[in-house]
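To keep things clear, I will list the structure first and then write my remarks on it.
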Amino acid sequence: LQGEREKQRQDLAMLVDLAKTYGDDQKIACVMQERGWLAFNTGDYDAAIADAQRIVHQLEDSQSLNSEMMRSLADGHELWGQALRLRGDAANSREQLETSLHLAQKTDYKSGEMKALESLGALLWTQADYLAARYAYQQALIISQEIEDLRREWSILNHLGIIAKGLGEHAKAIEYYDQTLAIGRQIGDRLGESIALINLGNVSLAIGDYARARNYAILALPIIKEIDDRKDLGIVYANLGEVNYLIGDYVQAKEHAEKGLEVCREINFRMGEGIILGNLGQIAWSIGNYDLAKKFAEQSLTIAGEVGDRLGETTDHLAPESQELLEHVP
């Protein structure tokens with residue numbers, strides 16, 4: 001939570017050795033789950049998928065699959081599905097997440113059910129099915145409050161804020177994000193604090209308060225660098241580019257968008273790459289470079305189609321004024 005990634009990696013390496021010494025499939029699965037989420041949170045989706053697959057295959061091959069191991073199996077499928085979503089593989093992501101939800105409900109694993117519902121909500125959001133996504137998040141929120149899981153309540157409120165913004169309910173979105181900012185600071189979650197700032201900036205952009213949007217991005221940037229969160233670094237650079245584009249500073253807009261594009265490509269965050277390419281196209285259009293604008297728009301459209309980003313597919317056909325926001329969905 002404090003962003004001390006190197007110490008976290010060292011602890012996990014020691015835990016892997018201990019778990020293997022015990023020869024306990026359950027312990028090994030738990031450690032791999034933590035290691036996989038570390039990879040996920042630092043943008044290494046291939047490593048996250050690899051650990052999730054190890055969990056699933058190891059537990060499925062176990063001769064004595066008890067209820068606790070079934071819960072770890074549900075967690076493994078959820079991690080796998082989340083990483084596939086950010087790799088742009090929507091169909092296989094949904095299959096893994098629905099498997100996770102089924103296993104959690106089968107074993108009365110409330111926390112696992114909540115996580116699977118939350119992840120399904122994120123997937124549905126990327127496909128622009130806002131109402132289905134909101135329903136999934138609302139069900140997850142009920143469980144998070146029932147089991148008093150503040151961290152998950154933060155995450156679900158964050159997603160509900162994104163959906164409210166997508167539906168044009170900006171005041172409601174700000175209300176959700178203010179709650180996530182307060183919870184992040186309360187529990188010392190630096191990542192959570194930075195995400196809340198990013199999304200408050202997105203709402204500010206949407207309502208035309210560009211000065212506040214830029215301030216939120218500037219506040220988030222040092223936190224994200226401190227905790228080595230590559231995906232959100234790409235998002236903040238992209239959103240700084242949008243702010244500068246909207247105030248007419250095309251030089252700064254291009255510089256920040258290119259930094260965001262570099263990070264998204266580095267971690268293979270395909271959806272982010274597609275959105276930023278679209279935004280670069282709008283910048284090129286605004287300065288009169290129509291051939292380059294068309295090239296960027298076509299590249300963005302191709303990626304949107306590949307990753308199943310329905311909203312992105314429509315945005316790439318719109319006028320330059322329809323600059324698309326890059327949201328955070330953990």
Side-chain angles (χ1 to χ4, degrees), residues 1-5 37 40-43 86 118 121-122 125 137 141 144 150-166 169-247 249 252-253 255-257 259-261 263-264 267 269 271-272 275-276 279 323-330:
L1 294 181
Q2 294 175 327
E4 297 186 43
R5 301 303 194 192
W37 279 113
F40 180 92
N41 287 329
T42 54
L86 290 180
E118 182 185 4
W125 174 83
Y137 286 132
L141 183 63
S144 74
L150 266 179
R151 287 193 68 203
R152 284 292 168 175
E153 184 177 351
W154 170 93
S155 181
I156 295 161
L157 286 166
N158 175 65
H159 288 100
L160 284 168
I162 291 171
I163 290 173
K165 178 182 158 295
E169 301 168 358
H170 297 126
K172 191 67 176 175
I174 290 171
E175 181 183 330
Y176 283 132
Y177 292 147
D178 281 339
Q179 290 180 64
T180 65
L181 184 60
I183 291 173
R185 287 173 172 170
Q186 176 187 341
I187 64 177
D189 184 349
R190 297 287 278 164
L191 175 61
E193 183 181 353
S194 69
I195 292 167
L197 290 167
I198 289 170
N199 287 339
L200 280 165
N202 280 338
V203 180
S204 299
L205 270 176
I207 62 177
D209 191 342
Y210 304 144
R212 181 168 292 185
R214 182 160 54 185
N215 286 341
Y216 279 130
I218 290 169
L219 286 171
L221 189 57
I223 299 173
I224 291 164
K225 287 181 176 178
E226 174 191 329
I227 63 177
D228 189 27
D229 183 346
R230 303 298 292 166
K231 180 166 74 71
D232 283 325
L233 182 61
I235 289 173
V236 168
Y237 277 135
N239 291 352
L240 279 168
E242 289 169 15
V243 171
N244 285 300
Y245 169 84
L246 291 166
I247 64 177
D249 187 345
Q252 284 293 308
E255 181 181 328
H256 283 115
K259 286 181 179 178
L261 183 63
V263 173
C264 289
I267 64 173
F269 179 23
M271 183 176 293
I275 289 171
I276 296 172
N279 291 346
Q323 186 85 344
E324 186 177 357
L325 301 178
L326 188 52
E327 303 277 10
H328 178 103
V329 184

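A distance of 5.5 Å separates NZ of Lys231 from CG of Leu86, quoted to the nearest 0.5 Å. Separation of atoms CD (Glu175) and NE2 (His170) is listed at 14.5 Å; rounding is to 0.5 Å. Atom CG of Leu160 is separated from atom CD of Glu153 by 10.5 Å, given to the nearest 0.5 angstrom. Note that the CD1 atom of Ile174 and the CG atom of Asn199 stand 11.5 Å from one another [nearest 0.5 Å]. Distance NE2/His159 to CD1/Ile163: 8.0 Å, rounded to 0.5 Å. Asp249 CG to Leu240 CG: the interatomic distance, rounded to the nearest 0.5 Å, is 11.5 Å.
Test Leu233, Leu197, Ile235, Leu191 against Ile224 for side-chain contact (heavy atoms from CB on, under 4.5 Å) and you get one pass: Leu233.
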Criterion side-chain contact (heavy atoms from CB on, under 4.5 Å) on Trp125 and Ile162, from CA distance to verdict: CA-CA 9 Å; Trp125 174 83; Ile162 291 171; 3.2 Å; yes
Residues Leu200, Asp178; criterion side-chain contact (heavy atoms from CB on, under 4.5 Å); working and verdict: CA-CA 8 Å; Leu200 280 165; Asp178 281 339; 3.8 Å; yes
Test log, rule side-chain contact (heavy atoms from CB on, under 4.5 Å), inputs Asn158 and Tyr176: CA-CA 6 Å; Asn158 175 65; Tyr176 283 132; over 6 Å; no
Derivation and outcome, side-chain contact (heavy atoms from CB on, under 4.5 Å), residues Val243 and His256: CA-CA 10 Å; Val243 171; His256 283 115; over 6 Å; no
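When all heavy atoms of Asn244 and Ala253 are compared, the closest pair comes out as CB-N, 3.6 Å. Annotation for Val236 and Ala217: closest pair CG1-O, 3.8 Å, computed over non-hydrogen atoms. The two atoms that bring Ser194 and Ile227 nearest to each other are OG-CD1, 4.4 Å, heavy atoms only. Between Arg5 and Asn41 the shortest heavy-atom distance is NH2-CB, 4.1 Å. Contact between Lys165 and Ala173 at its shortest, heavy atoms only, is N-CB, 3.8 Å. Closest non-hydrogen pair, Val263 versus Gly234, comes out as CG1-N, 3.8 Å.
Of the possible donor and acceptor atoms, one in the side chain of Thr180 sits under 3.5 Å from a partner among the backbone N and O of Tyr177. Between the side chain of Tyr237 and the backbone N or O of Glu255, no donor-acceptor pair lies under 3.5 Å.
The environment of Arg152 atom CZ is dense: over 12 non-hydrogen atoms of other residues, nucleotides or ligands sit within 6.0 angstrom.
Contact of the Arg151 side chain with the Trp154 side chain is not registered, since no non-hydrogen atoms from C-beta on lie closer than 4.5 Å.
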